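Heads up: the structure comes next, in structure tokens.
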Amino acid sequence: MLELEPATNVLAGLVVGVSDKQLQAPTPCTESTLGDLLDHVDGLSMAFTASATKSAREGGGRSSADASRLGSDWRTRIPERLAGLAGAWRNEAAWEGMTRAGGRELPANVVGAVAINELVVHGWDIAVASGQAFTCEPELLEAAYGFVQDTVTRFPQGSAGLFGAPVPVADSAPLLDRLIALTGRNPAWQPPA
């Protein structure tokens with residue numbers, strides 16, 4: 001059981017730091033704009049909260065990635081939902097037994113690891129796409145790396161819907177760079193000039 005609040009706090013701060021003019025900006029997720037990615041974070045916040053509480057997701061359905069769905073209150077709504085996500089996973093019962101995620105029944109501790117990965121990697125995505133600094137607690141970074149490393153061992157060419165084939169980086173690269181590279185992103189990615 002890990003505390004997700006440090007990651008949700010970082011991500012919430014990054015969300016608030018995105019300007020309206022940046023919503024159409026490209027991201028390391030090549031098919032998503034920054035606005036699309038914000039909508040995805042909004043949806044995954046609700047989905048992983050429902051997974052933690054082992055309840056039906058508010059509004060049902062899968063997380064989208066569509067900036068047109070953001071609405072005008074996204075700078076307050078997304079941080080509130082991220083706080084709810086952290087609070088839900090603070091309960092020890094969230095990590096026990098089985099729960100649903102992505103339409104599948106999975107062990108709750110695996111779903112918790114997926115949630116950590118989503119928070120960390122999409123936090124990095126939003127930070128680099130919007131020109132903000134990214135930080136991550138070492139234990140959360142290690143948990144995300146362990147989850148992705150395990151997934152890449154099973155799916156060396158990437159995992160559809162999660163991430164692409166790993167990008168090569170030096171073994172001596174910082175752990176964050178190695179995590180990002182394992183997800184199929186270039187850790188040196190920068191927005192076009």
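Fair warning: this is a prediction, and the values are worked out from it, not measured in the lab.
Side-chain contact between V169 and P187 is present, with heavy atoms from C-beta onward closer than 4.5 Å. Residues V10 and C136 fail the side-chain proximity criterion, which asks for heavy atoms closer than 4.5 Å. Using a 4.5 Å heavy-atom cutoff, the side chains of N186 and P28 are not in contact. Contact check for T8 versus L11: no side-chain heavy atoms found under the 4.5 Å cut-off. Residues F163 and N117 are in side-chain contact: their nearest non-hydrogen atoms beyond the backbone lie under 4.5 Å apart. E139 has its side chain within reach of L2: a pair of non-hydrogen atoms, C-beta onward, lies under 4.5 Å apart. By the 4.5 Å heavy-atom criterion applied to side chains, V148 and L179 are counted as neighbours. Contact of the Q149 side chain with the L182 side chain is registered, since non-hydrogen atoms from C-beta on lie closer than 4.5 Å.
For the side chain to side chain contact (heavy atoms under 4.5 Å, CB included) criterion with L119, the lone passing option out of L82, L140, V114 is L82.
Heavy-atom neighbours of E105 CD from other residues, nucleotides or ligands within 6.0 Å: above the threshold of 12. The 12-atom threshold is not exceeded at CZ of R104, counting heavy atoms of other residues, nucleotides or ligands nearer than 6.0 Å.
Taking hydrophobic clusters as Ile, Leu, Val, Met, Phe, Trp and Tyr residues chained together by side-chain heavy-atom distances below 4.5 Å, V41 does not share a cluster with V16. Using a 4.5 Å cut-off between side-chain heavy atoms of Ile, Leu, Val, Met, Phe, Trp and Tyr, with links allowed through other members, V128 and F134 fall into the same hydrophobic cluster. No single ILVMFWY cluster, assembled from side-chain heavy atoms under 4.5 Å apart, contains both V110 and M98. Cluster annotation: M1 and L141 are assigned to the same hydrophobic cluster (Ile/Leu/Val/Met/Phe/Trp/Tyr, side-chain heavy-atom contacts under 4.5 Å, transitive).
Checking side-chain atoms of Q132 against main-chain N and O of L14 turns up a donor-acceptor pair under 3.5 Å. Here the side chain of T99 pairs no donor or acceptor atom with the backbone of A52 at under 3.5 angstrom. Put simply, the side chain of W95 gets close to the backbone of W89: a donor and an acceptor are under 3.5 Å apart. Under the 3.5 Å distance criterion, the side-chain polar atoms of R77 are matched with a main-chain donor or acceptor of L70. Counting only distance, with no hydrogens or angles, the side chain of Q22 and the backbone of S19 share a donor-acceptor pair below 3.5 Å. Of the possible polar contacts, one joining the T27 side chain to the S32 backbone as a donor-acceptor pair under 3.5 Å is found. In terms of modelled atom types and a separation under 3.5 Å, the side chain of K54 and the main chain of R100 share no donor-acceptor contact.
In plain terms, the two heavy atoms of D125 and H122 that are nearest each other are OD2-ND1, 2.9 Å. Closest heavy-atom contact between L85 and F48: CD1-CB, 3.3 Å. The two residues W74 and V18 come nearest to each other via the heavy atoms CH2-O, 3.6 Å. What you find for P6 and E137 is that their closest heavy atoms are CB-CG, 3.3 Å. The minimum heavy-atom distance between P26 and W189, with the atom names listed, is O-CH2, 3.5 Å. Between T183 and V121 the shortest heavy-atom distance is CG2-CG2, 4.1 Å.
Note that R178 lies in the cation-pi zone of Y145, set by a 6.0 Å cut-off to the ring centre and a 45° limit from the axis.
Under a 4.0 Å N-O distance rule, the pair D42/R69 does not qualify as a salt bridge.
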Would D73 and T76 satisfy side chain to side chain donor-acceptor pair (under 3.5 Å), going step by step from the backbone distance to the final call?
CA-CA 6 Å; D73 64 340; T76 55; 4.9 Å; no
Walk me through whether D177 and R185 qualify under salt bridge (Lys or Arg N to Asp or Glu O under 4.0 Å).
CA-CA 9 Å; D177 288 358; R185 294 159 170 82; over 6 Å; no
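The line from NE2 of H40 to OG of S45 is 9.5 Å long, rounded to the nearest 0.5 Å. Taken from CG in L34 to CD in Q24, the straight-line distance is 9.5 Å, to the nearest 0.5 Å. Note: L23 CG to S68 OG = 11.5 Å, rounded to the nearest 0.5 Å.
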